[in-house]
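Taking it in order: structure first as structure tokens, then the write-up.
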Amino acid sequence: MLQARTFITNLWPLVSHLPPVQRTQTLSIWIAKGRFGGSGTVNITGGAYLSRVTRTFTARAAQEPFLNGSSSVYVEEMYRAWLKDPQSVHKSWDVFFRSTTAGAEPGQAYQSPPTVMISYPLTQHAVLPSLSQPQTAEAVAPPTSTAALAPSEPDKRQVAPQDIEDHLTVQAIIRSYQIRGHFFAILDPLGINITNSDRYHLDGYLLKLHNLEDKDMDRLFKLPPTTFIGGPDDVLPLREILHRLEDVYCQHIGVEYMFINNLEQCNWIRQKFETPQIMNLTKDQKRLLMARLVRSTKIEEFLAKKWSSEKRFGLEGCEVLIPAMKTIIDRSSELGIESIVMGMPHRGRLNVLANVCRKPLEQILTQFSGLEPADEGSGDVKYHLGMSHERLNRMTNKNIKLAVVANPSHLEAVDPVVQGKTRAEQFYRGDVQGKKVMSILLHGDAAFAGQGIVYETFHLSDLPDYSTHGTIHIVVNNQVGFTTDPRVARSSPYCTDVARVVNAPIFHVNSDDPEAVVHVCNVAAEWRAKYGKDVVVDLVCYRRNGHNEIDEPMFTQPLMYTKIRKQIPVLDQYTKKLVDEGVVTEKEIEEEKERYESILLEAYHNAEKESKTYNKDWLDSPWSGFFGDRSPIKCDPTGVSEDILKHIGNVFSSPPPGNFKIHPGIRRILKSRMEMMESRTVDWALAEAMAYGSLLKEGVHVRLSGQDVERGTFSHRHHVLHHQTIDKTTYRPLCQLWPDQAPYTVSNSSLSEYGVLGFELGFSMTNPNALVCWEAQFGDFFNTAQCIIDQFLSSGQAKWVRQSGLVLMLPHGMEGMGPEHSSGRPERFLQLCSEDPDEFPVSMDLYSLL
């Protein structure tokens, strides 16, 4: 390189006096004749004389960047090719050779190829004509001045670096709204928890942060493909870009989704919120929304008037929950859903039963009368009860089954139960993708953040034998937990942050904007239908009363409740908006209110005539026709022929067919089992397999779930054999007994007791003709699921007349495993199920040990 540069530098004075064309030709001839010895680099334009530079170099030859690192042979070949056909070389070489031939001064011939061409504004940054119009070498005429050469003013013909930086800055601003816009959204209807008091100065802050100025606000910028705010336009002024981003991300909806690691899903959500005018409702939709708000509001007013001192955990402050749930149900029904299983806490339960599920109002109102139930069971408080029935969805004209699962006061404990019941319905319907059955879970803000069972339930959402293919979670965000302020109740910014662990999008919405709520709920239903994944709708609201109707909230939240006392109910706000828009008249609003009030009053008079109630009216999972004339004492015969047992034992003791490679230890276990079969003896594992297999032959589905149940904690079961050299290749002998047998499901669960036991309880409630088993890894591990045992299993039939066929398997022993693994605590179960703990049973010969 140094040799070539020195050669050109030394020879330049010898040719500088020649005309430009002759000078270039002379140098080209020297190059062609190999005057450089065939090596080294060539500075054909005499870079030592480059005068227009912006940086200073110690070596003058380095000022010509175009040829640095290029050999003389390469330049020679390019030049010869250009002489034959200018289009055979890159356009940058074409410009270089033409400029040099035209007599460009040293250093002026080089022009770097353009990287990004911006056509806005059109008066600037045009495409270089020298690069867009191919010409032959013979057609090139030397210009009268070097200033007229194509590459003489590259700063006017190339994209200015500042323009590129500004466009990238605008893209960064769009992305920042998508990521963090929800922090600036106006979500709190009370105006207390505004995240940033300076949100109205956001435009100026962004301009300053990104080195933009007010004059840039009217500049046109091309929109990236990761936004839909432009609609049909792909170019917008910066002012309009910011305005549209504010409308989408910083008004009454806060969209959290950019943590999702799937571009298609992120773009889908962007399109659902960013597309201009996508949130607009028709007049009919607005009138329907108003009618639903009337029902939601008026039933609470009616109950408060008739039973002013009665606990009912009303929905005042979040009346929009009813239109929200009905929107989800309507859209889901339209998308093919036929059955919905719901779980919820006590707040708003009576309203949901009346206006979402359409349970007869008379049955709800008789719960306030204190009548004794005429059938079995002790009953429960009215805001714990469940129900199940099928009704016509008037929006889609399709039948839909709705079930609300009964639950105790233990918040969120019902979550896994609902998921298990939903999974069971999907299983027995053959709904492998969750297109027919789905679940909706309602939560309170404090419980959603505070209860670990929420996390356990979320982690079941994508497991093969536990997934319900997407749950819609609705958080009734009171912004207070009983008397506890959120600032001391959680460590996360939102109560919904737990949902981020499963990439569930989270839609925060101001509950005083019913139209925004409806849009969010439609998107949630469509998301679940399209992707089969969980989604969270966070209804940011308030609680107009205390924890219940007789609680005094001013003791602990005086400032909040001072504002609440002045807050205009959402029904009044929305009806005023519709009147101003000309959608409805004041007369029509009053007629709608009077119509529903008359329905309530008629139901009230009918309820007064009732003399008894029935617990069976509140069953969430009825076993229709199961009991019939069957004796409650006698058991059906369970014996089977020895031939059937032999067949089960032989299949269970045989290695897999074909070239399935099993572990040598498994081979020994199978051999010992076969020896037991030949000697007509059994151990625990073989007896268990025979019990399951005989049920499978009779068409009874068997499901075994729990930690490590496929192999068994003590390496005794081995219901799933693994190929030793091929991943994900297994053999399940109990699934290969008969061609027409019932399905056998055996599944290792997540490392959870509370969540998984609740799930299996829900699964067992659906079908009485199934054996559902949950096995603890060690028997004493059941105590971390004690809530399910205490509040659902042992007391469910007394409180809710609920049946369950769940079997708990609690392996334990005294084999030196320490005090933790020495007992399954059977005394606890006996005590829990004792109907009269003060009376000791009399000893009878019937119970004597033989």
Side-chain angles (χ1 to χ4, degrees), residues 423 427-428 430 432 463-466 638-749 756 760 763-764 767 769-777 805 807-809 811:
R423 173 71 185 208
F427 178 83
Y428 294 119
V432 295
L463 302 184
D465 286 316
Y466 301 88
T638 58
V640 294
S641 68
E642 186 172 343
D643 290 340
I644 292 177
L645 296 181
K646 282 182 178 180
H647 175 74
I648 297 170
N650 288 334
V651 174
F652 188 59
S653 304
S654 301
N659 298 322
F660 195 101
K661 185 177 181 181
I662 59 176
H663 192 277
I666 298 292
R667 194 172 296 278
R668 288 193 297 270
I669 292 173
L670 295 179
K671 182 180 178 181
S672 66
R673 285 178 180 169
M674 190 61 75
E675 291 172 352
M676 282 192 291
M677 288 299 301
E678 293 171 355
S679 63
R680 303 181 79 249
T681 59
V682 295
D683 61 3
W684 177 271
L686 189 54
E688 179 188 47
M690 290 178 174
Y692 295 165
S694 61
L695 288 173
L696 295 172
K697 180 175 175 53
E698 295 174 3
V700 177
H701 170 235
V702 178
R703 176 183 171 93
L704 175 60
S705 167
Q707 297 159 13
D708 311 296
V709 295
E710 294 178 4
R711 192 203 76 168
T713 300
F714 307 109
S715 193
H716 65 288
R717 182 173 287 125
H718 298 290
H719 282 196
V720 180
L721 307 182
H722 293 260
H723 200 293
Q724 294 299 294
T725 59
I726 304 177
D727 188 30
K728 299 179 182 178
T729 302
T730 60
Y731 176 76
R732 305 180 181 223
L734 292 185
C735 295
Q736 312 298 327
L737 298 175
W738 292 279
D740 57 348
Q741 69 175 67
Y744 174 55
T745 306
V746 55
S747 177
N748 290 339
S749 73
V756 176
E760 301 307 330
F763 201 103
S764 72
N767 181 11
N769 299 305
L771 174 63
V772 181
C773 305
W774 174 79
E775 181 177 81
Q777 192 177 67
V807 175
L808 272 62
M809 301 168 67

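Here, residue 1 is the first one in the sequence, and each next residue gets the next number. Worth saying up front: this structure is predicted, and the values here are computed from it rather than measured.
Two residues are said to be in side-chain contact when any heavy atoms from C-beta on lie closer than 4.5 Å; V746 and Y692 fail this criterion. With a 4.5 Å cut-off on side-chain heavy atoms, V709 and N748 count as touching. Residues Y731 and I662 form no side-chain contact, since every pair of their non-hydrogen atoms from C-beta on lies 4.5 Å or further apart. Counting heavy atoms from C-beta on, the side chains of T730 and E710 never come closer than 4.5 Å. Residues S705 and D465 form no side-chain contact, since every pair of their non-hydrogen atoms from C-beta on lies 4.5 Å or further apart. Within the 4.5 Å cutoff, the side chain of L670 has no heavy atoms near those of the M674 side chain. With a 4.5 Å cut-off on side-chain heavy atoms, W738 and I648 count as touching. Contact check for S715 versus R711: side-chain heavy atoms found under the 4.5 Å cut-off.
Side chain of Q741 to backbone of L734: a donor-acceptor contact under 3.5 angstrom is found. A distance-only check finds no donor-acceptor pair linking the side chain of R673 to the backbone of L686 [under 3.5 Å]. With hydrogens and angles ignored, the 3.5 Å screen pairs a side-chain donor or acceptor of H647 with a backbone N or O of L737. Side-chain atoms of S653 never come within 3.5 Å of backbone atoms of N650 as a donor-acceptor pair (strictly under, hydrogens ignored).
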Fill in: Check against side-chain contact (heavy atoms from CB on, under 4.5 Å), E698 and V640
CA-CA 10 Å; E698 295 174 3; V640 294; 4.0 Å; yes
Worksheet entry | side-chain contact (heavy atoms from CB on, under 4.5 Å) between R667 and K671, intermediate numbers included | CA-CA 6 Å; R667 194 172 296 278; K671 182 180 178 181; 5.9 Å; no
Discussion item. Between L704 and M809, is the side-chain contact (heavy atoms from CB on, under 4.5 Å) condition met? List the steps.
Written reply: CA-CA 10 Å; L704 175 60; M809 301 168 67; 4.1 Å; yes
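In this structure, R703 satisfies the cation-pi test against Y466, with its NZ or CZ atom closer than 6.0 Å to the six-membered ring centre and inside 45 degrees of the ring normal.
Separation of atoms CE (M690) and NZ (K646) is listed at 10.0 Å; rounding is to 0.5 Å. Note: R423 CZ to E760 CD = 10.0 Å, rounded to the nearest 0.5 Å. Once rounded to the nearest 0.5 Å, the distance linking NE2 of H701 with CG of L695 reads 11.5 Å. Rounding to the nearest 0.5 angstrom, the gap separating the CH2 atom in W774 from the OG atom in S749 is 8.5 Å. Taking CZ of R732 as the reference point, atom CZ of F652 lies at 13.0 Å (rounded to 0.5 Å). How far NZ of K728 is from NE2 of H722: 13.0 Å, rounded to the nearest 0.5 Å.
Taking each heavy atom of H723 and N659 in turn, the nearest pair found is NE2-O, 3.6 Å. Summarising the geometry of H718 relative to L721, their closest heavy-atom pair is O-CD2, 3.7 Å, with the distance given to 0.1 Å. Scanning both residues, P811 and F714, for their nearest heavy atoms gives CB-CE1, 3.6 Å.
Heavy-atom neighbours of D740 CG from other residues, nucleotides or ligands within 6.0 Å: above the threshold of 12.
Aromatic ring pairs are classed by plane angle as parallel below 30°, tilted from 30° to 60° and perpendicular above 60°; the pair F427 and F763 is tilted.
S641 pairs by the side chain to side chain donor-acceptor pair (under 3.5 Å) definition with nothing, not counting sequence neighbours.
Between the side chains of Y744 and H719, at least one donor N or O lies within less than 3.5 Å of an accepting N or O.
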